[in-house]
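Written out below as structure tokens is the structure these notes cover.
Per chain, numbering begins at 1; letters A, B, ... match sequence-line order.
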Amino acid sequence: MGQFLIPEEEWSTGEKKKFQSTLWDASSMKNTLDDAAKTIFVDGFKYKESHRLIDGRLAISLLACSCAAFALVWDYLNPFPQSRPVLIACVAAYYVVTCVLTAHMVWWEKNIFMRAYQSDPAGLDPDSVWTLSSNLPRYTTDYTITVQFKDGSTGSLNEVSITKPMSVWYDGTGLLLQSQYEPEIRKLHDQLISKKKD
Amino acid sequence: MAIMDIMHRIGLDSVIPLDDVKRMDKRQLFYQVLNFGMIVSSALMIWKGLMVLTGSESPIVVVLSGSMEPAFFRGDLLFLTNVEEDPIQVGDICVFKIKDREIPIVHRVIKVHQDIDGNVKFLTKGDNNQIDDRGLYSPGQMWLRRSDVIGRARGFVPYVGMVTIVMNDYPKFKYLVLAVLGLFVLIHRE
């Protein structure tokens, strides 16, 4: 096994480069960094990813779109003046659901883009939870990634983070360099593992 | 995905950034579609909300002809309200639809008759027309009723409606613009 958790072919060689981003596009580069960190944790360390957060967002969005679709169909079947009460209800419902969605994204999800479970090898304690969140403020290139570890057996919460300008991890074509990024993420992971042992 | 391969083959992925899309899993792709749906839904809800607020089935209309010059020109955007309680008076600018015809007409009320029961009938004429609208009404129809009226003009924005007129004259252009916008929403990740 080579020095990397993720096989090199998967990361950067071959025709379909997995972690290729669009140079100069800050959000594309941030998304690539997030996806790469997620791949390291889920495919590399083999933790089990939890989809609760994004499923919640999908469900609320789906509910909002259904309100709108229902209003559309009802109004088509019963032309305007008759459909007034239903339309009022749908517009109010849509507004409420959209507010719930915003609340979900601001308070529940925050900047979290991955949550994964590490099961106890002995099978005794409940799963430990790894949470990754990241932040890229506007008009800067300083990317902050935070890894949080909640120990299943003790319940204690620990986190470490690192902030660097994104350019240190990318090459001139916008390809994320495995040799630069993977060791950083693994270092954060190992720091938390060693804290757990203390 | 097949679409990605086609776009790669014709070189389109150097123009449109597809890297983010290639990497998306099922849930993220579904979220992109829902995002598009949310934008469409928001526009729809704003429109329906306006309908409810103004009481009119078409709260915003575009002036299509020059029959109301110099008050309104072709391409002006009109804001309508349709409050049932306000009686229609001579001089009001009404937007009405003739039965079985799609296109609303924006003209001024010139005669109003009311019978003992309160039923109203009225006659309209465009300011810039020589004759009244009886030639435009359905065969045999001499007057308009309250139910024909979609609303009364309460405010307007000049020129903006030209976009709608162009889109309707060249439907292919409209579909192209919508397709391109839709594509960008679907591909762009937060």
Side-chain angles (χ1 to χ4, degrees), chain A residues 15-25 27-32 34-36 38-39 42 49 51 53-55 57-72 74-75 79-81 83-95 97-98 101 105 113 174-176, chain B residues 1 4-5 7-9 13-59 80 82-84 97 99 146-151 184 187-190:
Chain A
E15 218 191 87
K16 294 205 181 125
K17 296 183 183 162
K18 191 162 181 190
F19 297 114
Q20 173 76 42
S21 73
T22 312
L23 206 56
W24 313 127
D25 181 357
S27 76
S28 163
M29 293 171 87
K30 175 190 183 278
N31 286 326
T32 310
D34 289 349
D35 289 344
K38 192 185 341 184
T39 309
V42 175
E49 189 177 0
H51 296 289
L53 285 173
I54 192 169
D55 281 350
R57 207 199 312 177
L58 291 178
I60 299 176
S61 298
L62 196 62
L63 184 64
C65 289
S66 323
C67 285
F70 183 74
L72 185 67
W74 190 273
D75 187 61
F80 176 53
S83 60
R84 203 159 179 269
V86 173
L87 283 185
I88 295 177
C90 284
V91 173
Y94 184 81
Y95 184 69
V97 175
T98 324
L101 181 67
M105 285 172 73
F113 62 88
L175 182 67
L176 184 61
Chain B
M1 284 172 63
M4 301 297 160
D5 287 329
M7 290 181 107
H8 179 72
R9 234 164 273 247
D13 59 353
S14 51
V15 176
I16 303 172
L18 287 177
D19 307 302
D20 286 336
V21 186
K22 282 185 216 155
R23 224 184 300 129
M24 282 196 233
D25 61 15
K26 267 188 324 211
R27 281 184 169 79
Q28 287 168 319
L29 281 170
F30 187 44
Y31 182 65
Q32 292 300 113
V33 174
L34 270 181
N35 217 8
F36 178 71
M38 290 284 285
I39 293 178
V40 172
S41 301
S42 295
L44 188 72
M45 288 287 100
I46 292 176
W47 180 254
K48 299 290 177 202
L50 271 178
M51 276 170 69
V52 166
L53 256 164
T54 61
S56 161
E57 70 176 56
S58 181
L80 312 177
N82 195 22
V83 181
E84 293 281 339
K97 264 200 206 170
K99 269 202 184 18
R146 187 70 177 80
S147 52
D148 296 316
V149 172
I150 308 176
F184 272 112
I187 286 180
H188 182 69
R189 233 177 111 177
E190 303 233 309

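With contacts defined as side-chain heavy-atom distances shorter than 4.5 Å, the pair B/Met38/A/Leu101 qualifies. Between A/Asp35 and B/Gln28, some side-chain heavy-atom pair lies under the 4.5 Å cut-off. In this structure the side chain of B/Leu44 reaches within 4.5 angstrom of the side chain of A/Leu72, judged on heavy atoms. Counting heavy atoms from C-beta on, the side chains of B/Lys48 and A/Ser83 never come closer than 4.5 Å.
Taking all atoms of both residues into account, the shortest heavy-atom contact from B/Gly37 to A/Cys65 is C-SG, 3.6 Å. Shortest non-hydrogen contact noted between B/Gly49 and A/Val91 is N-CG2, 4.0 Å.
Looking at residues two or more places apart in sequence or on another chain, you find a side chain to side chain contact (heavy atoms under 4.5 Å, CB included) between B/Thr54 and B/Ser56, B/Pro59, B/Thr81. When the side-chain hydrogen bond (donor to acceptor under 3.5 Å, both in side chains) test is applied to B/Asp25, no partner is found at least two apart in sequence or on another chain.
Going from atom CZ of B/Phe30 over to atom CG of A/Asp55 covers 10.0 Å, rounded to the nearest 0.5 Å. Distance check, rounded to the nearest 0.5 Å: CD of A/Glu49 to CZ of B/Arg27 gives 8.0 Å.
For chain B, the nearby part of A/Ile54 is the side chain; its heavy atoms alone come within less than 4.5 Å.
In this structure a side-chain-to-backbone donor-acceptor pair under 3.5 Å is missing from B/Tyr31 to A/Leu58.
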A/Asp75/B/Met51 under side-chain contact (heavy atoms from CB on, under 4.5 Å): CA gap, chis, key distance, verdict: CA-CA 11 Å; A/Asp75 187 61; B/Met51 276 170 69; 4.0 Å; yes
